[in-house]
Amino acid sequence: MSLRVYDSAARSVVPFEPAHPSRVSMYVCGPTVYGLVHIGNARTFLWFDLIRRYLTYRGFEVTFVMNYTDVDDKIIERARQEDVDEETLAHRYSEAFEGDMKALGVGAPDILARATEHIPDMVAAVEGLVEQGFAYEADGNVFFAVERFDGYGRLSGRSLEDMRAGQRVEPHPAKQHPLDFALWKAAKEGEPSWSSPWGPGRPGWHIECSVMSIRYLGMGFDLHGGGSDLIFPHHENELAQAEALTGEAPFVRHWLHSGMVQMQSEKMSKSLGNIVTARQALDRFDGEVVRMWALSGSYRTQVVFSEQALRDAAAAYDRWKTFHESCAHLLGSVAAQSEAQDSYRDRFIAAMDDDFNSSVAVAVIHDLVREGNGRLGAVERGDSAEHGRLEVLAGTFIELTSVLGFAFAPQVVSDELAGSLIDYLLELREQARAEREFERADEIRKRLGSMGVVIEDTPSGARWRLASPTG
RNA sequence: GGCGGCGUGGCCGAGUGGUUAGGCAGGGGCCUGCAAAGCCCCGCACAGCGGUUCGAUUCCGCUCGCCGCCUCCA
């Protein structure tokens, strides 16, 4: 079995075929840094991080590029609102983004490309498109002429005739076709600008991704990702620009798109204003709980964000975390095991190879945990024959969950002293139990419980952990 | 109007032409001084209507309902 992915361009699941058998080049459209990312954005970044992790696990050497759109109409608008210059604003929200991603356990890209650091490349690309007749200038603006690029609409599966272009928004009067899009925008008074053959201005949104992806990965790179709302027009336009400019095809070998997060029955979106920021979610739930929520369904389908969904994810996560802690307690540190033959690993890989079927992958790990918990009980009761199998299971568990990005960071108590005090109270309680003073023992458990410390009695002694803060 | 997708047991969510998804919640049991955690057992689900088939939730057609994209958007 080998990896298969749903390719938006093919509109079906196809074998994943990178240009080089052991390397993968991937580009994901990053945020426009004008505000906090919401949980829908976060899910997309979480998922592409997961895809990157899985590709790496499967032995590919991955080069992952992501961009920051740090010049844009919304940035200009927001900078005025917050009364700072555009650069300061972009810096502020890119820092916030990085903080959120860190809290979610999303790894940094290998290359982070900022639009403002690639303006000369973009100007050159626009010039090239004008020279070749794919673009035209009007009043200091440059537009891409969609009718001159054969196959415009191929990615999104639409034709120029069938689209209701300009129906919802009045097109710029200088456009030759309503779907023509800006490659270069003339600067208005007081807007940030760069010099160009067409006068001061700034790049249009789409050109940055074409230019930067080609710059770092070359034409025909392996995987381009983003949310499904980017298929049209953003990715369609990227493709048109790139292939028109270079005269080569394909621009991208595989297009992958993640589904939208819904709030009740409508899409979560900044323009609708119905957003929950990643930060708000992270205030309530652990980043790994949010990760579990993201993994509970396919990356491609629309999912509803709700309190209940997060609580369900938290319950499932706690099951894994408890198993992890019990193993650590009983076995000491367990290393991820990559040698031992294990059917759980085989099932996990088969699931993930099938267009990253995380629902099944998660179910496999739940199955592993069920067997593991059974062995755990046996070992705790002193059955050393089960020890070896438990070690294998624990190792496989760590291996697979870490592919999914889980670290199960050990619980932290506010300071060392608090930890030793809890240990001491546990000792007192053990003494009380030994003397069959159950009332006193229960009182200690109850009081600690009200402070968020859960006590568990096991055959090998009492243990404590912090209750998960799931609100 | 065009394009894409969805409708599975109380909830979430996979999947398959005839055999167990998985999680949460619920019921019963085991373990425990009591708990907690855990383990075992339990729900005869696949929007509706036709068709193909020995047999369809899974294939085909129609109907109904829902969502996304066609403007910025992950």
Side-chain angles (χ1 to χ4, degrees), chain A residues 8 11 28-32 37-48 72-74 153 156-171 178-179 181 205 225-234 236 257-262 265-272 292-293 296-298 300-304 306 308-309 311-319 322-323 325-326 351 354 357-367 369-378 380-381 433 436-439 441-442 445-446 449 454-459 462-465 467:
Chain A
S8 305
R11 275 173 280 284
V28 172
C29 289
T32 301
V37 287
H38 61 66
I39 196 70
N41 298 305
R43 176 171 177 264
T44 292
F45 297 123
L46 200 47
W47 254 107
F48 282 102
D72 157 273
D73 293 352
K74 282 181 175 150
S156 53
R158 31 192 109 199
S159 63
L160 289 171
E161 301 76 53
D162 291 336
M163 283 186 278
R164 296 183 164 181
Q167 176 160 321
R168 287 159 68 195
V169 164
E170 196 58 36
L179 283 172
F181 55 90
W205 175 38
S228 63
D229 54 352
L230 296 185
I231 296 173
F232 192 92
H234 185 55
E236 190 72 57
H257 292 99
S258 60
M260 298 291 101
V261 170
Q262 307 283 120
S265 64
E266 69 181 5
K267 183 178 116 177
M268 178 182 293
S269 114
K270 288 181 184 172
S271 48
L272 289 172
M292 186 66 106
W293 166 74
S296 66
S298 160
R300 284 199 286 130
T301 57
Q302 297 171 178
V303 291
V304 174
S306 70
Q308 187 58 46
R311 282 175 187 270
D312 284 357
Y317 175 70
D318 282 346
R319 186 174 154 76
T322 302
F323 177 65
E325 281 170 5
S326 301
D354 180 18
N357 189 334
S358 59
S359 302
V360 171
V362 165
V364 170
I365 295 175
H366 277 303
D367 286 346
V369 168
R370 187 178 318 107
E371 188 196 333
N373 275 324
R375 312 272 173 179
L376 203 66
E380 275 177 336
R381 273 177 257 110
R433 292 180 70 212
R436 306 192 67 77
E437 294 273 354
F438 294 124
E439 264 186 48
D442 288 350
R445 182 170 63 199
K446 201 173 139 198
V454 179
I455 291 181
E456 292 180 5
D457 294 322
T458 75
R463 237 187 276 160
W464 62 270
R465 63 187 168 83

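By convention in this document, chain letters (A, B, ...) are assigned in the order of the sequence lines, proteins followed by strands, and residues within each chain are numbered from 1. This one's a predicted model, so the numbers in the text were calculated from it and none came from an experiment.
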- Query: Which whole number of Å gives the distance between the P atom of B:G13 and that of B:C67?
  - Reply: 16 Å

- Figure out the CD/P separation between A:E236 and B:G2, and round it to whole Å. 19 Å

- Message: What contact category does A:G259 fall into here, base, sugar-phosphate, or nothing, at under 4.0 angstrom with non-hydrogen atoms?
- Response: base

- Task: Select base, sugar-phosphate, or nothing to describe what A:H38 touches, counting heavy atoms under 4.0 Å on all strands.
- Result: base

- Message: Rounded to whole Å, please give me the gap between CZ in A:R445 and P in B:A35.
- Response: 9 Å

- Quick check: does any side chain N or O of A:D354 sit under 3.5 Å from a backbone N or O of A:N357, one acting as donor and the other as acceptor? no

- Query: Is the NZ or CZ atom of A:R433 positioned over A:F438's six-membered ring, under 6.0 angstrom from the centre and within 45° of the axis?
  - Reply: no

- Provide the distance between the two C1' atoms, one in B:U16 and one in B:C46, to the nearest whole Å. 12 Å

- Task: With rounding to the nearest 0.5 Å, note down the distance linking NE2 in A:H234 to CZ in A:F181.
- Result: 10.5 Å

- What is the nucleic acid contact for A:D72, judged by heavy atoms within less than 4.0 Å: base, sugar-phosphate only, or nothing? nothing

- Message: What contact category does A:I231 fall into here, base, sugar-phosphate, or nothing, at under 4.0 angstrom with non-hydrogen atoms?
- Response: nothing

- Report which part of the nucleic acid A:V454 touches: base, sugar-phosphate, or nothing (heavy-atom distance under 4.0 Å, all strands). sugar-phosphate

- With the side chain of A:D442 defined as its heavy atoms from C-beta on, choose the nearest nucleotide among B:C34, B:G68, B:A74. B:C34

- Item | Whole-angstrom distance between B:A45 and B:G7, as gauged at atom C1' | 13 Å

- Base, sugar-phosphate, or nothing: which does A:P459 touch, judged by heavy atoms less than 4.0 Å apart? nothing

- Message: Of the options B:A74, B:G4, B:C3, whose atoms approach the side-chain atoms of A:R11 most closely?
- Response: B:G4

- Query: Which residues pass the side-chain contact (heavy atoms from CB on, under 4.5 Å) test with A:R375, sequence neighbours left out?
  - Reply: A:E371, A:E386, A:R389, A:L390, A:L393

- Message: Over all strands shown, is A:K270 touching base, sugar-phosphate only, or nothing at heavy-atom distances under 4.0 angstrom?
- Response: sugar-phosphate

- Message: Considering every strand and a 4.0 Å limit on heavy-atom distances, what is the contact class for A:V261: base, sugar-phosphate, or nothing?
- Response: base

- Query: Between B:G68 atom C1' and A:M268 atom CE, what is the distance in whole Å?
  - Reply: 15 Å

- Under-4.0 Å salt bridge between A:E456 and A:R465: yes

- Item | P gap between B:C59 and B:G2, integer Å | 24 Å

- Contact state string [nucleotides 37-44 of chain B, B base, S sugar-phosphate only, - no protein heavy atom under 4.0 Å]: SSSS----

- Message: In this structure, how many angstroms lie between the C1' atom of B:G68 and the CG atom of A:L272, rounded?
- Response: 12 Å

- Assign A:A316 to base, sugar-phosphate, or nothing according to its heavy-atom contacts below 4.0 angstrom with the strands shown. sugar-phosphate

- Below 4.5 Å, heavy atoms only, C-beta onward: do A:R300 and A:S258 meet side chain to side chain? no

- In whole angstroms, how far is the C1' atom of B:A36 from the CG atom of A:L376? 14 Å

- Message: If I take atom CD in residue A:Q262 and atom C1' in nucleotide B:G5, what distance separates them, rounded to the nearest angstrom?
- Response: 11 Å

- Atom NZ of A:K267 and atom C1' of B:C67: how far apart are they, to the nearest Å? 11 Å

- Between A:N41 and A:T44, does a side chain to side chain donor-acceptor pair (under 3.5 Å) hold up when you go through it step by step? CA-CA 5 Å; A:N41 298 305; A:T44 292; over 6 Å; no

- Could you give the distance from OG1 (A:T301) to CD (A:Q262), rounded to the nearest 0.5 Å? 10.0 Å

- Query: Of all residues at least two apart in sequence or in a different chain, which pass the ring pair (Phe, Tyr, Trp, His ring centres under 6.0 Å) check with A:H257?
  - Reply: A:H235

- Quick one: list whatever passes ring pair (Phe, Tyr, Trp, His ring centres under 6.0 Å) with A:F48, sequence neighbours left out. none

- Task: Answer yes or no: is there a donor N or O on one side and an acceptor on the other, between the side chain of A:T322 and the main chain of A:R319, under 3.5 Å?
- Result: no

- Message: Return the OG to NE2 distance between A:S269 and A:H38, rounded to the nearest 0.5 Å.
- Response: 6.5 Å

- Dot-bracket for RNA chain B, 5' to 3', Watson-Crick and G-U pairs with both distances under 3.5 Å, [ ] for crossing pairs, | for partner on another strand, reads (((((((..(((.....[...))).(((((.......)))))....(((((..]....))))))))))))....

- Task: Mark yes or no for whether A:S228, through its side chain, and A:G259, through its backbone, hold a donor-acceptor pair below 3.5 Å.
- Result: no

- Query: For A:K446 and B:A35, is the shortest distance between a side-chain N/O and OP1 or OP2 below 4.0 Å?
  - Reply: no

- Message: Give me the distance, rounded to whole Å, that separates B:U32 from B:A47 when you measure between the P atoms they each carry.
- Response: 46 Å

- Message: Nearest heavy atom decides the nucleotide; on that basis, is A:R381 or A:V364 closer to the 5' end of RNA chain B?
- Response: A:V364

- Would you mind classifying the nucleic acid contact of A:I365 as base, sugar-phosphate or nothing, using non-hydrogen atoms under 4.0 angstrom? nothing

- Query: Between A:R463 and A:E380, is the closest basic N to carboxylate O distance under 4.0 Å?
  - Reply: yes

- Task: Determine the interatomic distance between C1' on B:C44 and the same-named atom on B:U19; round to the nearest Å.
- Result: 14 Å

- For A:V304 and for A:A42, locate the closest nucleotide of RNA chain B by heavy-atom distance; then report the residue assigned to the nucleotide nearer the 5' terminus. A:V304

- Query: Within the side chain of A:E236, is there an N or O that forms a donor-acceptor pair under 3.5 Å with the backbone of A:G153?
  - Reply: yes

- Query: Among B:G68, B:C69, B:G33, which nucleotide sits nearest the side chain of A:R433?
  - Reply: B:G33

- A:F438 side chain: which of B:A74, B:G33, B:C24 is closest? B:G33

- Query: For A:F232, which contact category applies under a 4.0 Å heavy-atom criterion: base, sugar-phosphate, or nothing?
  - Reply: sugar-phosphate

- Query: Could you give the CD-to-P distance, from A:E266 to B:C6, as a whole number of Å?
  - Reply: 22 Å

- Message: Given B:C70, B:A74, B:C72, identify the nucleotide with an atom nearest to the side chain of A:K74.
- Response: B:C72

- Task: Please measure how far the P atom in B:G38 lies from the corresponding atom in B:G50, and state the result in whole Å.
- Result: 46 Å

Distances under 3.5 Å between protein N/O atoms and the N/O atoms of nucleotides 14-17 of chain B, please, pair by pair.
residue : atom : partner : partner atom : Å
B:A14   : OP1  : A:S298  : N            : 2.9
B:A14   : O5'  : A:S359  : OG           : 3.3
B:A14   : O3'  : A:N357  : ND2          : 3.3
B:G15   : OP1  : A:N357  : ND2          : 3.3

- Task: Can you tell me, in whole Å, how much space there is between the P of B:G26 and that of B:U8?
- Result: 23 Å

